[in-house]
Every structure is written in structure tokens, then in C-alpha cells.
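When a residue number appears, it is its place in the shown sequence, counting from 1.
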Amino acid sequence: MVFFDKNGIEIKPFSVLKIFHFTGVNERGNGRKHYYMYKWVRIVNGEFVALHLEDDSGAYFHLKTIAVDGVCHSCEVVQ
């Protein structure tokens, strides 16, 4: 299956994704700040999965769990 990010860019193996994580307070304690996770894409057992950049523990999640009709609305390809 082909996946695209929120800007319409195709997600390919070894792409680096910026994925929205949560909204919290900023450093000064006022206002809101968006926090993101950065993951890279691999193919495991024929499925596109996202892994942590700095962790090689093997923990990952399938892109199809966050994609709607092949589009990952909370993802952006950054590299």
C-alpha cells in the first residue's frame, strides 16, 4: 500500500517523519506548545512501520494504524 503525508508527499522506506504527539504548556508556563515525535520508516514483514530514531529496540507501529485512505494526516516527511 502507498502512504502519503499531510502535504501529499509519498512516504518511502528510510523517510524521516515528524508526527504530532501532544499539546502542552510551553517553557514559561503560559500558552500552548505542540510536541512532536520523529521516527523513520522501514519495511518489516512487508508492512510499512515507523521506528524511533535513536532507539533500536525493535519497537514500532504500523503506518496503517494512523492512515485514513492512505494519508497520514498527523505526519510530515522532513527528510
Show me, pair by pair, the donor-acceptor contacts under 3.5 angstrom made by side chains of residues 64-79, not counting sequence neighbours?
residue, atom, partner, partner atom, Å
T65, OG1, H62, O, 2.6

Next on the checklist: Would F14 and R42 count as a side chain to side chain contact (heavy atoms under 4.5 Å, CB included) here? Give the steps.
Outcome noted: CA-CA 6 Å; F14 299 102; R42 296 287 306 265; 3.6 Å; yes
Checklist entry - Heavy-atom count around K12 NZ within 6.0 Å, excluding the residue itself: above 12? => result no
Checklist entry - Going from NE2 on H34 to CZ on F22, what distance comes out if it is rounded to the nearest 0.5 angstrom? => result 11.5 Å
Next on the checklist: Pair E10, F4 - check side chain to side chain contact (heavy atoms under 4.5 Å, CB included), show working.
Outcome noted: CA-CA 4 Å; E10 184 178 355; F4 297 94; 3.8 Å; yes
Item to check | Atom pair CG/CD1 of L63 and I43 - distance to nearest 0.5 Å | outcome: 10.0 Å
Item to check | Check: V25 and K33 side chains under 4.5 Å, non-hydrogen atoms | outcome: no
Next on the checklist: Within the structure provided, determine whether Y38 and K18 are in side-chain contact (heavy-atom separation under 4.5 Å).
Outcome noted: yes
Checklist entry - Where the side chain of N7 meets the backbone of I9, is there a donor-acceptor pair that is under 3.5 Å apart? => result no
Checklist entry - Do K39 and L51 touch side chain to side chain, with heavy atoms closer than 4.5 Å? => result no
